[in-house]
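Count residues from 1 along the sequence. No experiment lies behind these values; they were computed from the predicted model shown.
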Amino acid sequence: MKKMKEKVLLYQFEEDRRIAVEKVMRSLQIETVTLPAESWRQKIGYLLGIKGFKRSDGDENETFDFPHEVMLLYHIQGKQLDRVLKAMRDAGLAPVRYKAVVTPYNVLWTLRKQCETMQKEHAYMAERDDKGNNENKEEREQN
């Protein structure tokens, strides 16, 4: 069985950090694609170069401000995902906060929808963690 081509999409990375991430991916023989700022209008499938996805011009007046780094991993999961994250840590790179594995579902989404979804998930997790920490603090204070 032919191995699927692994690819990483990078969005909103500062140049020095992008170069460092690309170096790590090269060492793992993973292709990287740096996305231009206006890529948020496009479907992830298009950005990956998957056949059948067409470029979208979208609404020229529409804007989207997402100042965070985004890393999308295509055909990278399980042990290979663990290797990628470990290699980045070993290279001294701070974790990428907004990262996702491309799935049969989100490949159909625009990059904007993926970014907004990750932002909501992070907000939910942070709120849940804060709530849990406060409950633990209250328990400790009661004991």
Side-chain angles (χ1 to χ4, degrees), residues 1-140:
M1 190 167 96
K2 185 180 171 205
K3 186 178 178 205
M4 300 301 277
K5 180 77 176 144
E6 297 169 331
K7 196 181 282 191
V8 171
L9 301 180
L10 303 176
Y11 182 62
Q12 302 284 76
F13 275 71
E14 297 280 332
E15 186 177 6
D16 292 348
R17 191 151 150 83
R18 177 189 55 80
I19 291 168
V21 171
E22 286 176 345
K23 182 178 177 186
V24 170
M25 296 306 144
R26 227 179 357 266
S27 74
L28 297 169
Q29 299 174 340
I30 297 172
E31 179 185 350
T32 57
V33 177
T34 301
L35 302 174
E38 66 277 2
S39 295
W40 58 267
R41 288 187 173 96
Q42 304 304 322
K43 290 191 174 179
I44 292 169
Y46 173 80
L47 297 171
L48 287 165
I50 298 172
K51 285 182 184 171
F53 285 91
K54 304 230 180 312
R55 179 175 174 74
S56 169
D57 292 327
D59 180 354
E60 290 297 320
N61 296 320
E62 191 179 9
T63 61
F64 177 59
D65 182 29
F66 190 80
H68 310 286
E69 298 174 334
V70 175
M71 177 185 232
L72 298 178
L73 302 112
Y74 184 57
H75 291 306
I76 301 170
Q77 44 196 280
K79 289 182 180 173
Q80 181 65 343
L81 177 58
D82 293 341
R83 277 192 284 274
V84 166
L85 299 176
K86 182 181 183 319
M88 289 180 64
R89 276 192 310 272
D90 291 349
L93 291 167
V96 177
R97 186 168 168 209
Y98 293 95
K99 60 185 167 294
V101 171
V102 177
T103 69
Y105 302 104
N106 67 5
V107 76
L108 302 170
W109 295 356
T110 60
L111 180 58
R112 178 183 186 154
K113 180 172 179 169
Q114 179 67 56
C115 291
E116 290 171 342
T117 299
M118 288 189 293
Q119 196 165 30
K120 286 177 193 165
E121 288 172 354
H122 276 271
Y124 169 78
M125 298 293 272
E127 186 179 301
R128 193 190 69 185
D129 289 348
D130 285 348
K131 189 176 181 182
N133 288 339
N134 288 340
E135 287 171 1
N136 289 340
K137 183 180 175 189
E138 288 171 13
E139 274 181 35
R140 284 192 305 272

Side-chain contact, heavy-atom cut-off 4.5 Å: [X] with [Y]?
X: T32; Y: T34; result: no
X: V96; Y: R17; result: yes
X: T117; Y: W109; result: yes
X: E69; Y: L10; result: no
X: Y74; Y: I44; result: no
X: I76; Y: V8; result: yes
X: L111; Y: Q42; result: no
X: M71; Y: M25; result: yes

Measuring from [X]:[atom1] to [Y]:[atom2], what's the distance to the nearest 0.5 Å?
X: Q119; Y: H68; atom1: CD; atom2: NE2; value: 5.0 Å
X: L72; Y: L35; atom1: CG; atom2: CG; value: 7.5 Å
X: L85; Y: L73; atom1: CG; atom2: CG; value: 7.0 Å
X: Q12; Y: R18; atom1: CD; atom2: CZ; value: 13.0 Å
X: L9; Y: Q114; atom1: CG; atom2: CD; value: 10.5 Å
X: Y11; Y: W40; atom1: OH; atom2: CH2; value: 8.0 Å

- Message: When you measure from the side chain of K7 to the backbone of L48, do you find a donor-acceptor pair of N or O atoms at a distance under 3.5 Å?
- Response: yes
- Task: State whether the side chain of N106 and the backbone N or O of V101 hold a donor-acceptor pair below 3.5 Å, judged by distance alone.
- Result: yes
- Decide, yes or no, whether a salt bridge links D82 with K86 under the criterion of side-chain N to carboxylate O below 4.0 Å. no
- Task: Salt-bridge test for K120 and E116: reply yes if a basic N is under 4.0 Å from a carboxylate O, no otherwise.
- Result: no
- Ring geometry between F66 and F64 (parallel below 30°, tilted from 30 to 60°, perpendicular above 60°): parallel
- In terms of heavy-atom contacts, does CD of E62 have more than 12 from other residues, nucleotides or ligands at under 6.0 Å? yes
- Query: Is atom CD of E31 surrounded by more than 12 heavy atoms (other residues, nucleotides or ligands) closer than 6.0 Å?
  - Reply: yes
- Message: With side-chain contact (heavy atoms from CB on, under 4.5 Å) as the criterion, how do L47 and V33 come out once you've worked through the C-alpha distance, each side chain's angles and the decisive distance to 0.1 Å?
- Response: CA-CA 9 Å; L47 297 171; V33 177; over 6 Å; no
